[in-house]
Amino acid sequence: MSHPLSISERARAGLGARSEGGAPDAAYLDGLNDEQRAAVVATEGPVLMLAGAGTGKTRALTTRIAHILASGRAYPSQILAVTFTNKAAREMRERVRGLIGDGMEGMRWLGTFHSIAAIILRRHAELAGLKSTFTILDADDQVRLAKQVINDAGLDEKRWTGRHIATVIDGWKNRGLTPDSTPGNEAYFFAEGRAIELFRTYQDRLKTLNAADFGDLLVHNITIFQKYPDILADYQSRFRYMLVDEYQDTNVAQYLWLRLLAQKSKNICCVGDDDQSIYGWRGAEVENILRFENDFPGATVIRLERNYRSTPAILGAASALISANKARLGKTLWTDRQEGEMVRVRGIWDGDEEARLVCGDIEAEQSSGRALNHMAVLVRASFQMRAFEERFNALGIPYRVVGGPRFYEREETRDAIAYFRLVRSQDDDLAFDRIANKPARKLGGQSLQGVHAHARANGVSNMTAARELITSDELPAVGRNALRKFIEMVDRWAREAKDLPPRDIAEIILEESGYVDYWRHSKSAKADSKLDNLKEVIQAVSEFDTMEAYLDHVALVAEHNEASPDGEVWLMTLHAAKGLEFPVVFLPGWEEEIFPSKRAIDENGEAALEEERRLAYVGVTRAMEDCRISFAANRQVYGQWRSQMPSRFIDELPEDFVQVDSQPGLYGAAARDLASHSRFDGAALETDTYYDNPGWRRARAAKARPAGAPPIIDGRATTVSVNAPGAAKFDVGARVFHQKFGYGRVTEAEGQKLTVEFDHSGPKRVVDTFLEAG
DNA sequence: GCGCAGCCCATTTTT
DNA sequence: TGGGCTGCGC
């Protein structure tokens, strides 16, 4: 393959004669700070741009692209710019367009890792044993396929779930492994030691289905690059400049892919923030960014540390928090802003109360003129959302949950797409299975089992098996006729698809298949919205020139632009909040076992704890003006009341930037007084600042600390001491009483934290201040 | 096919 | 606690 430089491409890019040397005084450099400017003009050789939260990294990145183009270093088609999300890709495209005007059509290598890898793989599909029309499977298909593989292997599907094996296989692919290169010892614990065998079967099945899953897109690329040096060389010389966004989130496969491509030009600029690496559990390797200077010798490292987003208190709190991590490159965010509120930390009696107070704050902000969409509630896990949703509904506060079930994951959209997939690629058994009898067309379990058995016995796809079966008498006449009709339909659509625009063919398929009628006649309450969604599908299809393009879009751009009205409070997980910013941010549920998540730590120990801490850092740095952290002393989790400890992250916040508004005595001597009330009036507590003054804090700390221990002197203490260590008031064996759990006996004491065997609710960990002598 | 009872489980989820 | 899945009975 050759890559002639088209003149029109140059013209579109607005390029004059190519000139060496940049134009450091060009207008687009105006308004950049020194570091940003350095990151823009350091075009040659490897560059690591360590860009802290809110430091204008996208601006630097897009200006860098503009600079490369404007200085004639490369044509748009010679720049590879990869992101993780479509949203980021879109934003980058728009912003580069804003800088250079036209010429963006030539920038065809700006996209997500997966979309770019898919383009490359389609060009060389046969080298990976696929046809260029291969289908891209989504996560759901992967699980279903994995399930089939487990069943075929005769393993117990309950013991080894499809999801489990799919996750294991995905993990290997994230590391760039194939069945041949996966170390044998890794499979030992999975599926009776047969995991690699399952991996191999899974890959064989994919080939038969003419399909690739997400991981394959990258792994096939890598395999092809390694096996065919001429192809690799071709891309190496094409991509003169490479830019990578969110480098801290790259997995091994992506790293290998980048390294192969960058070997020749070495002009690779990776942008990221090790402190915001929160996808380790999905295969992201923070080490990639930590190791950058070793991987790319002679690399220039540029730190963007000037923050344009947040107040000094927010930055101070975030910086102190993240400094507890060991595995980091180290950055210090600063701002020249002076003004701003302290970060507020509030300890609250229980989870419901927390939701009430947060929503009360939101209403108060709203009535003082703050727009609802300038506020966000960020939680660790989605189960925490319910309390807030209930409260929002009760108060009539409009809110928006980010990240719920997505358009392309809904049943009806997936069904519709399965029809399209089958028409395009009749080997797509997953699509076949999904819709062969949906709507019911008398293709019951018997007939389909017959199809499967025949397909497996002859090593052919379900469609092919079906074709063969209708000419034999292996199936009962009813099934045979149904199958024949089904095949005829699919064949007819496939013929029509050659001549008709995708929108028309989509409509024909959905109508003639009876799928639309299926929902029209459905008594389900959801039928109307399903029908609306099907219309949406057709609408979406009509925006594409070919069905192939639409299907790729669906697989790779699993998002759907839905109207996003203003005037709604945002409610989402911390993960979903990455990359966003809000004037006011609420961070509830900062309690041990919830945040940091117990499960994460159980699974991954210290590394997971650091990742949880990065998540906390991401949360705090989303706030522009006002950050309000809270924790509850009691919380219902899975229907059980639990006594909660404040998160260790609370203790890591610096006192200088934090104002504590704990409800009086939650973790101090007044706990019993407090506990004797049946409820707390949120409004009263909010104005109750009596307990929030240094004297009270000192008194509280003094009461809590063991006799003889030095007092905490105000101003000297470096952390917030809501959780000051102290001696337990009760000895092991003591009878105690707790407001929620009743009577019990102390079985273990560790500082103020006691384990109590309650007579009726079993063993619990509680803080001694909640207990009275029983 | 459907409806219901019982059972199990329960982070995060860019593509 | 509650949702999602399964298996059973019609």
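Just so it is clear: chains get the letters A, B, ... in the order the sequence lines come, proteins before strands, and each one is counted from 1. As a basis for the values below, the full set of heavy atoms in this structure was taken, side chains included, without hydrogen atoms, waters or symmetry mates.
No donor-acceptor contact under 3.5 angstrom links the side chains of A:N210 and A:T135, judged on distance only. Counting only N and O atoms by type, the side chains of A:N288 and A:Y247 include no donor and acceptor under 3.5 Å apart. Looking at A:D433 and A:H452, their side chains do bring a donor and an acceptor atom within 3.5 Å of each other. Counted by atom type alone, A:R642 and A:Q644 present one or more donor-acceptor pairs between their side chains at under 3.5 Å.
Distance from the side chain of A:T85 is smallest to B:dT14 among B:dT14, B:dT11, B:dG1. If you check B:dG1, B:dT11, B:dT13 against the side chain of A:A381, the one that comes closest is B:dT11. If you check B:dT15, B:dT13, C:dT1 against the side chain of A:Q636, the one that comes closest is C:dT1. Side-chain atoms of A:A576 lie closest to B:dT13 of the nucleotides B:dT15, B:dT13, B:dT12.
Rounded to an integer number of Å, the gap from A:L580 CG to B:dT14 P is 13 Å. Atom CD in A:E603 sits roughly 14 Å away from atom C1' in B:dT13 (whole-Å rounding). For A:L378 and B:dT11, the CG to P distance is 19 Å, given to the nearest whole Å. With rounding to whole Å, A:R614 atom CZ is found 16 Å from B:dT11 atom C1'. Taking atom CD of residue A:E390 and atom P of nucleotide C:dT1, one finds them 13 Å apart after rounding to whole Å. Whole-Å rounding puts the A:N174 CG to B:dT15 C1' distance at 10 Å.
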Would A:Y279 and A:W281 count as a ring pair (Phe, Tyr, Trp, His ring centres under 6.0 Å) here? Give the steps.
CA-CA 5 Å; A:Y279 284 103; A:W281 50 276; 5.7 Å; yes
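Nearer to the 5' terminus of DNA chain B, by closest-nucleotide assignment, is the contact made by A:K442 (compared with the other of A:K442 and A:K578). Looking at which nucleotide of DNA chain B each of A:T573 and A:A440 is closest to, the 5′-most match is held by A:A440.
With centres under 5.5 Å and a plane angle under 30°, the ring of A:W281 is stacked against the base of B:dT12.
Distances shown here put a side-chain N or O of A:Y638 below 4.0 Å from the OP1 or OP2 atom of B:dT11. One finds no side-chain N or O of A:S115 lying less than 4.0 angstrom from the OP1 or OP2 phosphate oxygen of B:dT15.
Rounded to a whole angstrom, the distance from the P atom of B:dT12 to that of C:dC5 is 16 Å.
Judged by atom type and distance alone, A:R386 does not reach the base of C:dT1 through any side-chain donor-acceptor pair under 3.5 Å. Contact of A:R380 with B:dT11 (side chain to base): no donor-acceptor pair of N or O atoms is detected under 3.5 Å.
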